[in-house]
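Counting starts at 1 for both ligands and their atoms, following the listed order. As the structure is a prediction and not an experimental result, all values here were calculated from the model.
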Amino acid sequence: MSSEQKFETQLQHFGEKRQDYHGAVVPPLFQNSLFTFESWEAIDAAFDDRTKNFIYTRGKNPSVSLVEEKIANLAGGENAKLFGSGMAAISSAILHLLNPGDHVITVKNIYGPTNNLLNAYLRRKMNIDVTYVDGENIDDFVQAITDKTRLIYLESPSSAVFRLQDIAAVAKLAKEKGLKTIIDNTWATPIFQKPLAMGIDLEVHSCSKYFGGHSDIVAGVIIGSEQDIRDISVNEFELLGGKMAPFEAWLILRSLRTMPIRMQKHQENAMQVATFLENHPKIRRVNYPGLASFPQYELGCRQMSGFSGLLSFELAMEDLNQIKTFFNGLKIFQIGVSWGGHESLIYAPAISYLKELPQEQFKHLGISLGNMRISVGLENGDDLIDDLAQALDL
Ligand SMILES: *Cc1c(COP(=O)(O)O)cnc(C)c1O
């Protein structure tokens, strides 16, 4: 396969050896737990490199491996490992790099469960120390480094408020200081952002979002160097056992075919919706890195080639009943967590926060009662705007 080909072409053909599958245009699903061998010598030889040979599906399966090759190729990494969820990938990547007593620098507003993993679970189990920075200024990171620092964990754009970090600058700093870097690239996807090319060590994703794209799977992936992925494969992947099911890998293969055009449409619709909201009198603020009014718009244009479909906005009203009237009044946007699928969704982060914290305490995270997160789907953009407009008029 020529590396001159553009990514849309490679997503259709890269890694597919149709002669091995009787010419089937869709690679078959290897729905088997184990692989058989002809002799003592053959299985003995296979065990010489468990990361290269098919022996048992908790280690390696052809339906999964093909998708790993395609995703690594798309993201510009040497290799990739798929997991049973985004959190399985994230926890494995973090455990791979940390030792007890290490210090981690991360940004405010990282994905909630990642935050709980670092700041509650690993703090308790492994005495991990965590420092949060705004992340909008490289000096934030410089100031936070101690002699125990081992890892900088990024999420750009971050959850809920979509703040960016200067990825190339952080990667450069980390290399100078001998630190490792991980980025959660779920929002932008490798279609729009290539952190490995900017010097990041490991890129992680929840494939439950745009990689899957149809709201029918939960999955995750780590992309990185051959050495890191090999180490993760024989340690965190095989030992903790968070494997990807062959059928779900097969569904991701299906989804990869349309990922470039889906992302274009999510971007187009989100732009239209964000522009409408920005100009609506009942909306106080829109957080969408694709808007020219977004405070870090220039950085976004520098390090991303496009903007996906997840954004948030703040309603001007503060009365909870009025907020609920809008929320419950939407007809096309469905109420639900998660995002990145074909359908438009709405969620109010306050629903989660109110269970754990008084309102004053989550305000400093940039979240208010009227903060609404929407995942803009693949419906007609005019219909989405009409739906928001009628609910805002209720
Ligand atoms: C959903 C999500 C995750 C976790 O992925 P799961 O597949 O749900 O485990 C991690 N990071 C971000 C930014 C997410 O949105």
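The local environment of OH in Y56 is sparse, with at most 12 non-hydrogen atoms from other residues, nucleotides or ligands closer than 6.0 Å. Crowding of K331 atom NZ: a count of heavy atoms from other residues, nucleotides or ligands under 6.0 Å not exceeding 12.
Side-chain rings of F83 and F237 approach one another, their centers coming within less than 6.0 Å.
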Side-chain donor-acceptor contacts of residues 193-207 below 3.5 Å, not counting sequence neighbours, with atom names and distances?
{"unit_1": "Q193", "atom_1": "NE2", "unit_2": "S156", "atom_2": "O", "d": "3.0"}
{"unit_1": "Q193", "atom_1": "NE2", "unit_2": "N185", "atom_2": "OD1", "d": "2.9"}
{"unit_1": "K194", "atom_1": "NZ", "unit_2": "L74", "atom_2": "O", "d": "3.4"}
{"unit_1": "K194", "atom_1": "NZ", "unit_2": "P190", "atom_2": "O", "d": "2.5"}
{"unit_1": "D201", "atom_1": "OD2", "unit_2": "T181", "atom_2": "N", "d": "2.9"}
{"unit_1": "D201", "atom_1": "OD2", "unit_2": "T181", "atom_2": "OG1", "d": "3.3"}
{"unit_1": "E203", "atom_1": "OE2", "unit_2": "N185", "atom_2": "ND2", "d": "2.9"}
{"unit_1": "E203", "atom_1": "OE2", "unit_2": "H205", "atom_2": "NE2", "d": "2.7"}
{"unit_1": "H205", "atom_1": "ND1", "unit_2": "N185", "atom_2": "O", "d": "3.3"}
{"unit_1": "S206", "atom_1": "OG", "unit_2": "S208", "atom_2": "N", "d": "3.3"}
{"unit_1": "S206", "atom_1": "OG", "unit_2": "S208", "atom_2": "OG", "d": "3.2"}

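Applying the side-chain hydrogen bond (donor to acceptor under 3.5 Å, both in side chains) rule to pairs touching residues 237-248 yields R50-E238, sequence neighbours excluded. Residue pairs meeting the salt bridge (Lys or Arg N to Asp or Glu O under 4.0 Å) criterion with at least one member in residues 267-281, sequence neighbours excluded, are K265-E268.
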Please give the N or O to N or O pairs under 3.5 Å between ligand 1 and the protein, distances rounded to 0.1 Å.
{"unit_1": "ligand 1", "atom_1": "5 (O)", "unit_2": "S206", "atom_2": "OG", "d": "3.0"}
{"unit_1": "ligand 1", "atom_1": "7 (O)", "unit_2": "G86", "atom_2": "N", "d": "2.8"}
{"unit_1": "ligand 1", "atom_1": "7 (O)", "unit_2": "S206", "atom_2": "OG", "d": "2.8"}
{"unit_1": "ligand 1", "atom_1": "7 (O)", "unit_2": "S208", "atom_2": "OG", "d": "2.6"}
{"unit_1": "ligand 1", "atom_1": "9 (O)", "unit_2": "G86", "atom_2": "N", "d": "3.0"}
{"unit_1": "ligand 1", "atom_1": "9 (O)", "unit_2": "M87", "atom_2": "N", "d": "2.8"}
{"unit_1": "ligand 1", "atom_1": "11 (N)", "unit_2": "D184", "atom_2": "OD2", "d": "2.6"}
{"unit_1": "ligand 1", "atom_1": "15 (O)", "unit_2": "K209", "atom_2": "NZ", "d": "2.7"}
{"unit_1": "ligand 1", "atom_1": "15 (O)", "unit_2": "W339", "atom_2": "NE1", "d": "3.0"}

